[in-house]
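One structure below.
For clarity, every value in this text was computed on a predicted model and none was experimentally measured. Residues take their numbers from the sequence shown, with the count starting at 1. In what follows, every heavy atom counts, from backbone to side chain, and hydrogens, waters and symmetry copies are set aside. In each ligand, atom 1 is the first atom listed, and ligand 1 is the first ligand listed.
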Amino acid sequence: MDTKYYDFKNKIEDEKITEIIKAFKDGEIIAFPTETVYGLGADINNDKAIRNIFKAKNRPVDNPLIAHIGNIDNLEKLVDSVPKKAKMLMDKFWPGPLTIVLKKKDSISSVATGGLNTIGIRMPNHIITEIILSKDLTIVAPSANISGSPSPTSFSHVKNDLDRLIYGIINGGECLEGIESTILEITDDKPVVLRPGTITIEELREVIGEVDLDSSLLGKSVDKPKAPGMKYRHYAPKGEVYIIQERENIEALNKKIAEEGMDKKNTAIVSFEENLNHYSTIRGVKNISLGSRNDLKEGISYLYSILRDCDSLNIENIFIEKTEENNLGFAYMNRVKKAANNNFLRGVR
Ligand code: TXA
Ligand code: MG
């Protein structure tokens, strides 16, 4: 299939928008930008199209998709009732990178929800989704990558993974947030975070008080995390990833490089800008900056791009600096630990 490209980077064309909406309604699957990462969408009312998403991504069928709405009135088509805490969070954070999992209406496709009786819902904060999603169009979408690779934060990432496998890709430039939305389930009294994101747990607690963390986020290995997607190894580049301390001991790094016989030209050290100098005595490796350690939001927005760049450069070993696991650092470390499969250099956490 020849994939259609819609270039809305500089200008959004009305006729093309009409064409895209029609294609969704006709059951096509199209990748679109959001503020977090690119999504691969289908009309929520079209099971056949939804199945095609799973096929194109090679995604396990038990891994549910998020419903993207553009209009708060659409909620009533998805759920029978909205708990008070959910309402408070919607008021505060929507449109924005927060997905709320609620009990779904019986009529909602269980193909989209991977057989669950709940549905994750979010209202993206992006001009293009705002225009496409209307009262009569709700799009279900996972991230627009092949399952297992880092989520796409640019048009070229999507093209790299899904070209010729999907009907179209909308180019909306780079995603500002750069990692997937925070996911919070509100089905019982106690809301539970299933996936951290750039809306932090601290921020959620400020609005609704107590919030639990799913046990899969507490470093325990669980067979059945509440978000089925969290059990798969994710966000992984092809190279081997090692988590290092901030300003890691140079001797320890050199020792590892020698012990494993790593080829320095295929080795990258990903660190905060302030620490680039610290690693400069290790000659021949590639140094990549995460931006300032005082602006982790920026570092997070580069993370997946950096991991994908490492793949294109055939980097075989990636050393990446850790942060504290609070505020934005919790989301950062969640993705880094997945990319590294929990591989800490020297085992030091
Ligand atoms: O920012 C985002 O959330 C992006 C953009 C495209 O919106 N989407 C995204 O989708 O990251 P995906 O499918 O790659 O990740 C969704 C995660 C998966 O781990 C899935 O298991 C979980 O959300 N999830 C979705 N619906 C759920 C539900 N009803 N209950 C529990 N977990 C759910
Ligand atoms: Mg994904």
Side-chain angles (χ1 to χ4, degrees), residues 29-42 44 50 53-54 56-70 78-79 93-105 108-126 128-129 132-133 138-153 157-158 161-162 170 172 175-188 191-199 214 216-217 224-236 300-301 304 331 334-335 338-339:
I29 60 176
I30 299 173
F32 60 97
T34 79
E35 79 281 40
T36 57
V37 301
Y38 276 73
L40 174 59
I44 193 169
I50 298 171
I53 289 182
F54 285 89
K57 277 185 59 102
N58 197 12
R59 180 177 176 99
V61 292
D62 69 346
N63 195 0
L65 311 186
I66 293 171
H68 297 69
I69 59 173
L78 304 174
V79 298
F93 295 114
W94 280 8
L98 175 66
T99 296
I100 304 181
V101 174
L102 301 173
K103 284 244 153 63
K104 76 171 181 74
K105 259 192 173 13
I108 296 297
S109 159
S110 59
V111 180
T113 65
L116 299 178
N117 62 359
T118 55
I119 184 158
I121 307 167
R122 85 178 195 95
M123 187 188 289
N125 184 12
H126 196 285
I128 294 174
T129 51
I132 292 171
L133 298 171
T138 291
I139 298 286
V140 287
S143 49
N145 52 304
I146 294 285
S147 277
S149 72
S151 289
T153 58
H157 295 165
V158 181
D161 280 22
L162 296 173
I170 305 172
C175 303
L176 283 180
E177 302 286 335
I179 61 166
E180 309 85 349
S181 60
T182 305
I183 304 181
L184 183 72
E185 182 179 274
I186 310 188
T187 48
D188 300 317
V192 188
V193 172
L194 310 187
R195 180 175 72 186
T198 53
I199 292 181
D214 187 44
S216 65
L217 301 177
K224 230 173 169 235
K226 282 190 141 189
M230 298 296 273
K231 70 175 174 260
Y232 302 106
R233 186 181 174 209
H234 246 121
Y235 321 118
I300 287 177
S301 76
Y304 289 157
N334 173 265
R335 303 311 194 271
K338 288 210 167 212

Side-chain donor/acceptor of Glu35 to backbone N/O of Asn125, under 3.5 Å: yes
With a cut-off of 4.0 Å, which atoms of ligand 1 are near a heavy atom of Thr36? 1 (O), 2 (C), 4 (C), 5 (C)
Below 4.0 Å from ligand 1: does a non-hydrogen atom of Lys104 turn up there or not? no
I'd like to know if Pro228 contacts ligand 1, where contact means a heavy-atom distance under 4.0 Å to any ligand atom. yes
Using a 4.0 Å cut-off to any heavy atom of Gly39, which atoms of ligand 1 qualify? 6 (C)
So for Glu177, does at least one of its heavy atoms come nearer than 4.0 angstrom to any atom of ligand 1? no
Would you call Val101 a ligand 1 contact, heavy-atom distance under 4.0 Å? yes
Sub-3.5 Å donor-acceptor pair from the side chain of Lys57 to the main-chain atoms of Ile146, do we have one? no
If we ignore angles and hydrogens, is there a donor and acceptor under 3.5 Å between the side chains of Glu177 and Thr36? no
Between Ile119 and ligand 1, which part of the residue brings a heavy atom under 4.0 Å of the ligand: side chain, backbone, both or neither? backbone
Sequence neighbours excluded, the answer for ring-ring contact (aromatic ring centres under 6.0 Å, His included) partners of Tyr38 is none
Judged by modelled atom types alone, do Thr99 and Arg195 share a side-chain donor-acceptor pair under 3.5 Å? no
Among Pro64, Pro124, Gly197, which residue places a heavy atom closest to atom 25 (C) of ligand 1? Pro64
Could you tell me, atom by atom, which parts of ligand 1 come under 4.0 Å of a heavy atom of Leu116? 28 (C), 29 (N), 30 (N)
Are any of the N or O atoms of Tyr38 closer than 3.5 Å to those of ligand 1? no
Is the Mg ion (ligand 2) less than 2.8 Å from an N/O/S atom of Ser143, whether that atom is in the backbone or a side chain? yes
Taking both backbone and side-chain atoms of Arg59, is any N or O found less than 3.5 Å from an N or O belonging to ligand 1? yes
Salt bridge check, Glu180 against Arg122: does any charged N sit closer than 4.0 Å to a carboxylate O? no
Quick one: does His68 get an N or O within less than 3.5 Å of an N or O on ligand 1? yes
Does any N or O in the side chain of Thr182 come within less than 3.5 Å of the main-chain N or O of Gly197, such that one atom is a donor and the other an acceptor? yes
Between Phe32 and His126, is the ring centroid distance below 6.0 Å? no
CA sep, side-chain torsions, deciding dist, call: Ile100, Ile186, side chain to side chain contact (heavy atoms under 4.5 Å, CB included): CA-CA 7 Å; Ile100 304 181; Ile186 310 188; 4.1 Å; yes
Enumerate the atoms of ligand 1 whose separation from the nearest heavy atom of Asn63 is less than 4.0 angstrom. 18 (C), 20 (C), 21 (O)
When you measure from the side chain of Thr34 to the backbone N and O of Val37, does any donor-acceptor pair fall under 3.5 Å? yes
Any N or O of Arg122 closer than 3.5 Å to N or O of ligand 1: yes
Quick check on contacts: which atoms of ligand 1 are under 4.0 angstrom from a heavy atom of Pro142? 10 (O), 12 (P), 13 (O)
Looking only at distance, does Ser181 have an N or O less than 3.5 Å from an N or O of ligand 1? yes
Asn334 side-chain N/O to Pro196 backbone N/O, donor-acceptor pair under 3.5 Å: no
Quick one: which ligand 1 atoms are inside 4.0 Å of a heavy atom on Ile183? 17 (C), 22 (C), 23 (O)
